[in-house]
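Reminder, nothing fancy here: chain letters follow the sequence lines and each chain counts from 1.
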Amino acid sequence: MVKIEDYGEYETAWCPGCGNHSILKCVKQALVEENLEPHQIIMVSGIGQAAKAPHYMNANVFNGLHGRAIPAATGIKLANRNMPVIVESGDGCTYGEGGNHFLAALRRNINITLIVHDNQVYGLTKGQASPTSMKGFVTKAQPNGTFSEPLNPIEIAVVMRAGFVARGFSGMPELLVQLIRQGMNHEGLALIDVLQPCVSFNKINTFAWYKSRCYQLPEDYDPYNQEAAFVKAGEWGDRIPVGIIYKNDRPSFDSYFPINKDGPLGYEEVDKSALKDIIDNYR
Amino acid sequence: MKDHVDMIIGGEAGQGLVTIGEILSKSLVRAGYHIVVNQGYQSRIRGGHNTFMISVSPNPISAPPPEPYSKEFDICIALDETTALQAANNLKSDGLLIYDEKFGNMDWARSLKIPYKEIATGIYENTAAFGIIASILGLDPSLATEVINQTFSRHPESIEANSKALMNAFKWIENQIAINDLANNRLVPCDARVSRLMLNGNEAIALGAIAAGLRFYSFYPMTPSTSIALTIASYANRMGIVIEQAEDEISAINMAIGASYAGAPAMVGTSGGGFALMVEGVSLAAMTETPIVIALAQRPGPATGMPTRTEQADLEYALHSGHGEFPRALYAPSSIEECFYLTAKAFQLAEKYQSPVFILTDQFLADSFRSVDALNLDEVQQVYPGSDPSDVQVPYLRYRITDDGVSPRLIPGTSKHLVVVDSDEHTEDGHLTEDEVDHVSCIKKDGKKEYLSIRRKMVEKRLRKLEGLRNEVIHPIYIGDHSPDVLMVSWGSTRGAVEEAVKQLRQSGVTSAMLHFTQVWPLIPESFVDYLQAAKSVVSVEGNATGQLTNLIRRETGFLINKSILRYDGLPITQRYILEEMDGLV
């Protein structure tokens, strides 16, 4: 049996009270409950405080460039479909710098779990507005408040019929563990946008702010109903729904490729006689 | 009869000019001739003025056909009126113009006005045009039929009409031979019908990659690199390759690096601005020490530049692409064969040194169909990703400091060892580090503290791999007289033209030679500097405006090449261009 200790415990660069601590613990717990050993998982991240998370656990890690975790994870999954791949990065990395890749991932529906630490602010660079910052959010870089409307990743994902769209909250860890597990077991892209406080740079959307608003979707909520999902996805303000907002069972991107399923593609022998035929066709 | 013919087919995009050109090229190769093709086209689907130029000879050739408007062509096939009206600019004084009678009468002495409407109907006029030129060159009608049937094998309903158009064309020419003095356009027959391949540079790069074990290719379409992707895509299912058109070039290279990390030999192909977007990925590959092959088909810049023309102006850019300092290798194939073998070798090198390796070509070579003797698969070794997990020292450290700088690369998931890679500077286990005094080895022997010592060690470890790359360099080739009056220095796709220019100079009594680079980085001065010093006059020949290899040679050797023949008008360097520029230079 896999134990949480197998995933190790490391000193982090995060502030005390940061939502990252809880999310990291939930990821480890979900992996333990899935009975996966550290070498049986690939963690992929970009750059940002959230993207450091894979360094604080035992796992295979690909810590790539800012905004580029999704493309790297896509390549990894296509190269070895046996390996579960989890992407962990922040709202700036995923929705800002990596915005185009986020849209493409929703379209592709590649079988990876995308956990976005969403604290509505840039932490690593010390407090600038992020794509999910609320309108009017004042920072040193946006002294007059942000002029742009915030990006709602859940609405976008529902509109684009992403395979699995969920919202979590770092202050509801039991639910988050279950969302991660369900996301990992979903055949296709699983987006889990996790609301979390930034204790240093976001004095508006605090732990208490989220805590008083986040509520769990009722048991009879049907995530397969896209129209209902639109309504829930747009709900923001006094009440914020958490749970699986939308789901469908369309085939995952990687399932379309007629390729070997067992292990890294590079271990396959090149079919030289087939290639010889191909070359001969140039005569 | 002729032992060398230069032809130009001109017309609007969408008229089937490339189809005629390819069918004709294929027929010539099947008949045993050698060909070199240059394609000139524009960024449009219909209209404009496009050209398909073929040099053909029973003897081996490697130099490109003359430029359009050079008055150097023997035959001009005008599919549109514009081309017909330009005959005087394209043809030698005794050159033959072939045009559609619907253009009216053309003012050119040796011309053939073709009543296409009598010979064929509608869509089969292109087949008729092919028949006309095949017949004039003296090709066997049965061979022409065979190629046509093969080309249209997916449209069996059209085969009869195509054959009919072809035969009518041959018959029509037969009747014309006497009156129009056409016999002297025939090619000297080939001794034997040797079976050769016909490929362009991009096709050869794709096949070389597949032969080496390519399993992942990602791209964003960009001329002139796109046909690498198209070639791979057409064989992907059969050869077990994942190919993906990414949302942008940034994604393409990051995907490829991810795939390579996870155990799929990977390549990306791009050009100009697309490569500019990939550059952060080059740096990522270097820092994570992940193998990647980058095919860069150059086109004139800056910015969008001239999308469909050729240039050799990204040598310095590729060499310095990516922030930070790290080793890399740059190949610059000069022939179709080299496109194949060097691409395959690039995979070996990328895996062995866990570094980015470049294939630098250009639009001319990418689109240039040529006759190729053979591509020998036995000469290509398959690359296997990573090392054997049972061989690694425990604890496994992805970035273990080693003498040659190469650390054991394991593929994640294939053993209990954890494979941790990071774009941040990292410790030997792959985890990021930014501590001022590193915890691993901060105390030197003399008791002094060394700040960020792991940073220093990692920089040096990565750079040590350059030594290995240096040991495997393909040295430049030297052809011609020893201690010549004129030594031409060139790289990449220009070789054919330079070699031909040297040949012609030597025939005219000037001792001359060529020093040609097919690997432009790393450079090993000891392998070529003596040649430079022995020559009376050294002239660099490059397809750019600033002499990029010239500058690099000076930087690496101190040797100043102060004469240069540069071309940056978007056309390939030809022997005629070199010889004209040479006048007054030496």
Quiz item: For B/Gln382, is it the side chain, the backbone, both or neither that has a heavy atom under 4.5 Å from a heavy atom of chain A?
Solution: side chain
Quiz prompt | Distance in Å, B/Met239 CE paired with A/Ile278 CD1, rounded so as to fall on 0.5 Å steps | solution = 5.5 Å
Quiz prompt | Contact class of A/Ile41 relative to chain B, heavy atoms under 4.5 angstrom | solution = neither
Exercise. Sort out for me which of A/Asn281, A/Asn100, A/Val44, A/Ile42 touches chain B most, counting heavy-atom pairs under 4.5 Å.
Key: A/Asn100
Quiz item: Heavy-atom distance under 4.5 Å between the side chains of A/Leu78 and B/Phe216, does that happen here?
Solution: yes
Quiz item: Would you say the side chain of B/Leu418 lies within less than 4.5 Å of the side chain of A/Val61, judging by non-hydrogen atoms?
Solution: no
Self-check item: 4.5 Å side-chain heavy-atom contact, B/Arg215 and A/Val270
Solution: yes
Quiz item: Within the side chain of B/Arg30, is there an N or O that forms a donor-acceptor pair under 3.5 Å with the backbone of A/Arg283?
Solution: yes
Exercise. Looking only at non-hydrogen atoms, find the nearest pair between B/Ser423 and A/Ile47 and report the distance.
Key: OG-CD1, 3.7 Å
Self-check item: Pairs of heavy atoms under 4.5 Å with chain B: top-ranked of A/Leu275, A/Asp280, A/Val85, A/Thr74
Solution: A/Leu275
Quiz item: For A/Ala59, is it the side chain, the backbone, both or neither that has a heavy atom under 4.5 Å from a heavy atom of chain B?
Solution: backbone
Quiz item: With side chains defined as the heavy atoms from C-beta onward, is the minimum distance between B/Val372 and A/Tyr282 less than 4.5 Å?
Solution: no
Quiz prompt | Contacting moiety of A/Asn58, where chain B heavy atoms sit under 4.5 Å | solution = both
Quiz item: Hey, does A/Asn60 have a side-chain heavy atom less than 4.5 Å from the side chain of B/Tyr261?
Solution: yes
Practice problem: Determine whether B/Glu247 and A/Arg108 make a side-chain contact, defined as any pair of heavy atoms from C-beta on separated by less than 4.5 Å. | Solution: yes
Quiz item: Just wondering, do A/Ile279 and B/Leu377 contact through their side chains at under 4.5 Å, heavy atoms?
Solution: yes
Quiz prompt | Residue part contacting chain B, namely of A/Arg107, when any heavy atom lies under 4.5 Å | solution = neither
Quiz item: Where on A/Glu269 is there a heavy atom nearer than 4.5 Å to chain B: the side chain, the backbone, both, or neither?
Solution: both
Exercise. Write out all pairs satisfying salt bridge (Lys or Arg N to Asp or Glu O under 4.0 Å) with one or both partners inside residues 88-97 of chain A, taking only residues at least two apart or from two chains.
Key: A/Arg68-A/Glu97
Exercise. Name the region of A/Leu65, side chain, backbone, both or neither, that has any atom closer than 4.5 Å to a heavy atom of chain B.
Key: both
Practice problem: Report the C-alpha separation of B/Asn254 and A/His101 in whole Å, then their side-chain angles, then the decisive distance to 0.1 Å, and conclude whether the side-chain contact (heavy atoms from CB on, under 4.5 Å) test is met. | Solution: CA-CA 11 Å; B/Asn254 279 278; A/His101 313 312; 6.0 Å; no
Quiz item: Do the non-hydrogen side-chain atoms of B/His431 and A/Tyr10 ever get within less than 4.5 Å of each other?
Solution: no
Self-check item: Proximity breakdown for B/Leu214 and chain A, heavy-atom pairs closer than 4.5 Å
Solution: neither
Quiz item: Picking from A/Ala72, A/Gly75, A/Gly67, which has the most non-hydrogen pairs under 4.5 angstrom with chain B?
Solution: A/Gly75
Quiz prompt | Step-by-step side chain to side chain donor-acceptor pair (under 3.5 Å) determination, A/His55 to B/Asp424 | solution = CA-CA 11 Å; A/His55 286 287; B/Asp424 296 271; 4.7 Å; no
Quiz item: Excluding sequence neighbours, so at least two apart, what forms side chain to side chain contact (heavy atoms under 4.5 Å, CB included) with B/Ala206?
Solution: B/Ile228, B/Thr231, B/Ile232
